[in-house]
S.K.: 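Dumping the structure here so I can ask a few things about it.
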Amino acid sequence: MNTVKYNTLSANPETEACELKNHIGETIRLHGAVYKIRRMSGFAFVLIRMRDAIVQSVYSEKFASFPLNLLAEEACVRLTAQVVAEERSRTGYELRLMEAQVLSAPCEELPIVINQKKVNTSLENLLDYRPVTLRNEKERAIFRIQAAICTAFREFLNREHFTEIHSPKIAAIGAEGGANIFKLPYFEKEAYLAQSPQFYKQMMVGVFERVYEIAPVFRAEKHDTSRHLNEYTSVDFEMGYIESFEEIMATENRMLRYCIDFLREHCSDLLTLLGCTLPQIEEIPQIPFASAKEWIANSCKRKITDMLDFEPEEERLLCELVKKETGSELVFVTHYPSAKRPFYAMDNPQNPEETLSFDLLFRGLEITTGGQRIHSYKEQIEKLHARGMHEELFESYLMLHKYGVAPHGGLGLGLERFTAQLLGFENVRSATLFPRDIHRLIP
Ligand code: AMO
């Protein structure tokens, strides 16, 4: 008889930073990177960058079996240490280093100082040296918060019975129109990088009724601004059987409240480290686009130059006005002009010049676009024709309408923009791990 052997993986015998306080009086093993060595007279503080926190240990020849110069900043080490009760320490204990094994040592000094409170350099440098600058405590906190935002969105949407999908990023046609589309050779054909998962999330409404996706999308933005990336992470959801586009806004309102509560509960240390104040999210106010335009023009004594869209300055001013009037840092702007919205947007039956759509502005910047979609085949074909578009190109997308789909709508939220606004950054790149813009392809 064959004996089946199971590969029994032993539990990691090394201690996590958050568990250290439970081991007072014990000798433990841990691993991490040497973040900073602070030499004092007769001893040294050694800060270790662990998975979830930066932990301070004490080196003294009295306890250690190795010389201090074995440790270099950024060396990856496995350590044995004693956790000793210490009233004077903020943590209530002191970590005394006993043994060290260097797993990997840096070959050169770092090109930039990363172990100060903040990396003191320009955004350009910060991005050029991303593989190392991200190791800074504050820099990595940004992306831990971004990860928590995604966890919160996923948790919320899963609870609301949405199914997560993964749609293709190489496409035969663009979904959003406009010139900002990347072309790529695709064997004998020409293909495009997806500008959004729009068509696919709509198709999947016919399958799962409620779907979401958190994934990269691509926009060939030719100008260099603080709000545009050429690749960003889009948080998309789409839901069927809606009665009005207001349901989409209500769902986003609840999703954002859930996210803020989640961050308050799970990321308070990181938020304090970054000096971030979370917004109070109650019922987010709404204002129709045309009224918002007038309000800004009248209150701020500005001429309206573009009747179809906001200028960035107008978004900023509108947020200021809304905050003054309602206290809210977020505002839904509804009923955008039809001429500025893609061909899949549903027009308002009461006024076909405008759509049943919205944008969400947060602290002066658009972070979301959404709305109700056309579900009738006839209406969709008519709108395509009215725009001089060729229905043959959209054959597979139009199967959705041809073979019946419930009234539906959804939205797309820019993850980097949301993170940047939440953390008070002026440039969306600060909230992007490895940004892609017109000048930047590396790292
Ligand atoms: P839209 O094109 O408005 O709508 O994009 C949705 C959201 O994505 C973010 N965003 C960007 N972020 C960084 N860099 C860019 N170049 C960039 N472009 C857009 C913004 C924006 O609000 N399919 C629709 C959404 C929908 O209706 O479901 C769409 O993609 O935060």
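Just follow the structure's listing: the first ligand is 1, and inside any ligand the first atom is 1. Given the structure is predicted, the values throughout are model-derived calculations rather than measurements. Note that the numbering runs from 1 along the sequence shown for the chain.
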S.K.: I'd like to check which ligand 1 atoms, numbered from 1 as shown, lie under 4.0 Å from a non-hydrogen atom of R227.
M.R.: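 The atoms of ligand 1 under 4.0 Å from a heavy atom of R227 are 13 (C), 14 (N).
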
S.K.: Assess whether side chain to side chain donor-acceptor pair (under 3.5 Å) is satisfied between E155 and Y258, documenting all intermediate values.
M.R.: CA-CA 9 Å; E155 238 181 64; Y258 188 93; 2.5 Å; yes

S.K.: Is there a heavy atom in R373 that sits closer than 4.0 Å to ligand 1?
M.R.: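 Judged by the 4.0 Å heavy-atom criterion, R373 does count as contacting ligand 1.
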
S.K.: Does G371 reach ligand 1 with a nitrogen or oxygen that is under 3.5 Å from one of the ligand's nitrogen or oxygen atoms?
M.R.: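 There is no such contact.
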
S.K.: If you count the atoms of ligand 1 from 1 in the order shown, which ones are under 4.0 Å from a heavy atom of K201?
M.R.: 26 (C), 28 (O)

S.K.: Starting from the C-alpha separation in whole Å, work towards a yes-or-no answer on side chain to side chain donor-acceptor pair (under 3.5 Å) for S196 and E176.
M.R.: CA-CA 7 Å; S196 79; E176 305 299 333; 2.4 Å; yes

S.K.: Just need the protein heavy atom nearest to atom 3 (O) of ligand 1, so name the residue and atom and give the distance.
M.R.: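 Closest protein heavy atom to atom 3 (O) of ligand 1: T369 OG1, 2.7 Å.
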
S.K.: For ligand 1, is any non-hydrogen atom under 4.0 Å from T368's backbone (N, CA, C, O), its side chain (CB onward), both, or neither?
M.R.: backbone

S.K.: For ligand 1, which atoms sit closer than 4.0 Å to a heavy atom of E176?
M.R.: 23 (N), 24 (C), 29 (C), 30 (O)

S.K.: Taking non-hydrogen atoms only, is H228 closer than 4.0 angstrom to ligand 1 via side chain, backbone, both or neither?
M.R.: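 It is both backbone and side chain that touch ligand 1.
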
S.K.: Taking the side chain as C-beta and beyond, is there a heavy-atom pair between F332 and I287 under 4.5 Å?
M.R.: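 Sidechains of I287 and F332: no contact.
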
S.K.: Using a 6.0 Å cut-off, check whether atom CZ of F262 has over 12 heavy atoms from anything other than its own residue.
M.R.: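 Atom CZ in F262 is crowded, with more than 12 foreign heavy atoms closer than 6.0 Å.
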
S.K.: Using a strict threshold of under 4.0 Å (side-chain N to carboxylate O), is an ion pair present between K383 and D347?
M.R.: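 A salt bridge is present here (some side-chain N lies under 4.0 Å from a carboxylate O).
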
S.K.: Please determine whether a side-chain nitrogen of the Lys or Arg among E313 and R316 lies less than 4.0 Å from a carboxylate oxygen of the Asp or Glu.
M.R.: yes

S.K.: At a non-hydrogen distance cut-off of under 4.0 Å, which region of E416 contacts ligand 1 (side chain, backbone, both, or neither)?
M.R.: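 It is neither part, as no heavy atom is under 4.0 Å.
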
S.K.: As an exercise, identify every atom of ligand 1 less than 4.0 angstrom from a heavy atom of G370.
M.R.: 27 (O)

S.K.: Counting only heavy atoms, tell me which of F199, Y232, F358 gets closest to atom 17 (C) of ligand 1.
M.R.: Y232

S.K.: Nearest protein heavy-atom contact for atom 21 (C) of ligand 1: which residue, which atom, what distance?
M.R.: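 Result for atom 21 (C) of ligand 1: E366 OE2, 3.1 Å.
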
S.K.: Between CD of E426 and OG of S226, what distance do you get to the nearest 0.5 Å?
M.R.: 8.0 Å

S.K.: Using the side chain to side chain donor-acceptor pair (under 3.5 Å) rule, collect all pairs that involve residues 364-379, keeping only residues at least two apart or in two chains.
M.R.: E238-R373, E252-T368, D359-T369, E366-T369, K378-E382

S.K.: Regarding ligand 1, does L413 bring an N or O atom to under 3.5 Å of one of the ligand's N or O atoms?
M.R.: no

S.K.: May I ask you to list the atoms of ligand 1 that are less than 4.0 angstrom from any heavy atom of Y344?
M.R.: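 Close to Y344: 23 (N), 24 (C).
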
S.K.: Distance to 0.1 Å, residue and atom name: give those for the protein heavy atom nearest to atom 14 (N) of ligand 1.
M.R.: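 Minimum-distance protein heavy atom for atom 14 (N) of ligand 1 reads L229 N, 2.9 Å.
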
S.K.: Please test N253 against E283 for side chain to side chain donor-acceptor pair (under 3.5 Å), starting from the C-alpha separation and ending with a verdict.
M.R.: CA-CA 7 Å; N253 200 149; E283 196 170 332; over 6 Å; no

S.K.: Does R429 approach ligand 1 within less than 4.0 angstrom via side chain, backbone, both or neither, non-hydrogen atoms only?
M.R.: neither

S.K.: Would you call E74 and R49 a salt bridge, using N to O less than 4.0 angstrom?
M.R.: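 Salt bridge: yes.
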
S.K.: Report the part of R417 (side chain from C-beta onward, or backbone N, CA, C, O) that has a heavy atom under 4.0 Å from ligand 1; answer both or neither where that applies.
M.R.: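 Just the side chain.
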
S.K.: To check your reading of the model: name the closest protein heavy atom to atom 31 (O) of ligand 1, its residue, and the distance in Å.
M.R.: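 Heavy-atom neighbour on the protein nearest atom 31 (O) of ligand 1: I367 O, 2.8 Å.
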
S.K.: Whether E124 and R440 form a salt bridge (side-chain N of Lys/Arg under 4.0 Å from carboxylate O of Asp/Glu) is what I want to check.
M.R.: yes

S.K.: Is there a side-chain contact between E354 and F289 (heavy atoms, below 4.5 Å)?
M.R.: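 A side-chain contact under 4.5 Å is absent here.
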
S.K.: With heavy atoms only and a cut-off of under 4.0 Å, state how L411 meets ligand 1: side chain, backbone, both or neither.
M.R.: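 It is the backbone that touches ligand 1; the side chain stays farther off.
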
S.K.: At less than 4.0 angstrom from any non-hydrogen atom of E221, what atoms of ligand 1 do you find?
M.R.: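 Answer, ordered by atom number: 16 (N).
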
S.K.: Identify the closest protein heavy atom to atom 7 (C) of ligand 1: which residue and atom is it, and at what distance?
M.R.: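 Its nearest protein heavy-atom neighbour is G412 O, 3.5 Å.
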
S.K.: Considering only heavy atoms of R219, which atoms of ligand 1 have at least one such atom less than 4.0 Å away?
M.R.: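 Within the 4.0 Å cut-off of R219, ligand 1 contributes 1 (P), 2 (O), 5 (O), 18 (N), 19 (C), 29 (C), 30 (O).
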
S.K.: Under a 4.0 Å heavy-atom limit, does Q195 contact ligand 1 with its side chain, its backbone, both, or neither?
M.R.: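 Q195 to ligand 1: no contact under 4.0 Å from either part.
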
S.K.: Give, for atom CZ of F418 and atom SG of C259, the distance between the pair rounded to the nearest 0.5 Å.
M.R.: 4.5 Å

S.K.: What pair of heavy atoms forms the shortest contact from A431 to I142, and how long is it?
M.R.: CA-CG2, 4.3 Å

